[in-house]
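Report on one structure; see the data block that follows.
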Amino acid sequence: NAGVTQTPKFQVLKTGQSMTLQCAQDMNHEYMSWYRQDPGMGLRLIHYSVGAGITDQGEVPNGYNVSRSTTEDFPLRLLSAAPSQTSVYFCASSASGLPGQPQHFGDGTRLSIL
Amino acid sequence: AQSVTQPDIHITVSEGASLELRCNYSYGATPYLFWYVQSPGQGLQLLLKYFSGDTLVQGIKGFEAEFKRSQSSFNLRKPSVHWSDAAEYFCAVGGRNTGFQKLVFGTGTRLLVSP
């Protein structure tokens, strides 16, 4: 009963390093998304995908890349990490991309950029 | 554009007392509305959702919320708070006409429960 699995749980990077945050779901959900959570700002949508091979930008996409080669996986890439990307990152999935579908969240990745 | 306001950053409630967390939204039509709870170090868990119909929605863990169109509100309530309810609560709004799922979250309300 894994649901949405995010790895790693914690990571410290230096400015300029690259990294991929992993997200996998075992519910055969079509829709997956990435959010970042910052103090006093709630969750903000970074990128989302409505199915394998289809991705689109959310509210705060700059500095992040995504791809969706399989239904199960939706990795988030930081090509050149910046201190402003220090945050907690959440991956979520839902059965479809239709408005109103409740989302299932992973436990988050806590990322610090020095 | 959609937006959500949770005016209370922190709320402290005595165990056994009633709870109401406020949520106001901005959206041009009737939105989809959600309440999520986040325990420390965990992801978000869905408490309840409003799509249409009955404006009083029942959720898990004894929570309920009432959609009031005239006040653009979706406040979360619980008649008797338990110590395990201490967590952060997020209200979220989803548009019916955005094509695909795009949730906008409020900034959250942290609930503290005193003995």
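In the text below, chain A, chain B and the rest are named by the order of the sequence lines, each starting its count at 1.
Using a 4.0 Å cut-off between charged nitrogen and carboxylate oxygen, B/D85 and B/K61 do not count as a salt-bridge pair.
At distances below 3.5 Å, at least one donor-acceptor pair connects side-chain atoms of A/S49 with backbone N or O atoms of A/I54. Judged by distance alone, with hydrogens and angles left aside, the side-chain atoms of A/Q6 form a donor-acceptor pair with the main-chain N or O of A/C91 at under 3.5 Å. Judged by distance alone, with hydrogens and angles left aside, the side-chain atoms of A/Q25 form a donor-acceptor pair with the main-chain N or O of A/N28 at under 3.5 Å.
Note: B/Q38 leads B/Q45, B/E88, B/Q38 in heavy-atom pairs under 4.5 Å with chain A.
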Does the pair A/Y35 and A/Q103 meet the rule for a side chain to side chain donor-acceptor pair (under 3.5 Å), with working shown? CA-CA 12 Å; A/Y35 294 86; A/Q103 297 192 46; 3.1 Å; yes
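Residues A/Y89 and A/Y64 bring their aromatic ring centres within 6.0 Å.
Within the 4.5 angstrom heavy-atom criterion, atoms from both the backbone and the side chain of B/L44 approach chain A. In this structure, chain B has no heavy atom under 4.5 Å from any part of A/E59. Using a 4.5 Å cut-off between heavy atoms, A/R44 makes no contact with chain B at all.
Atom CG of A/L114 is surrounded by more than 12 heavy atoms from other residues, nucleotides or ligands within 6.0 Å.
Heavy-atom neighbours of chain B within the stretch residues 70-79 of chain A, taken at a separation under 4.5 angstrom, are nonexistent.
Applying ring-ring contact (aromatic ring centres under 6.0 Å, His included) to B/Y89 and the options B/F63, B/W35, B/F34 leaves one that passes, B/F63.
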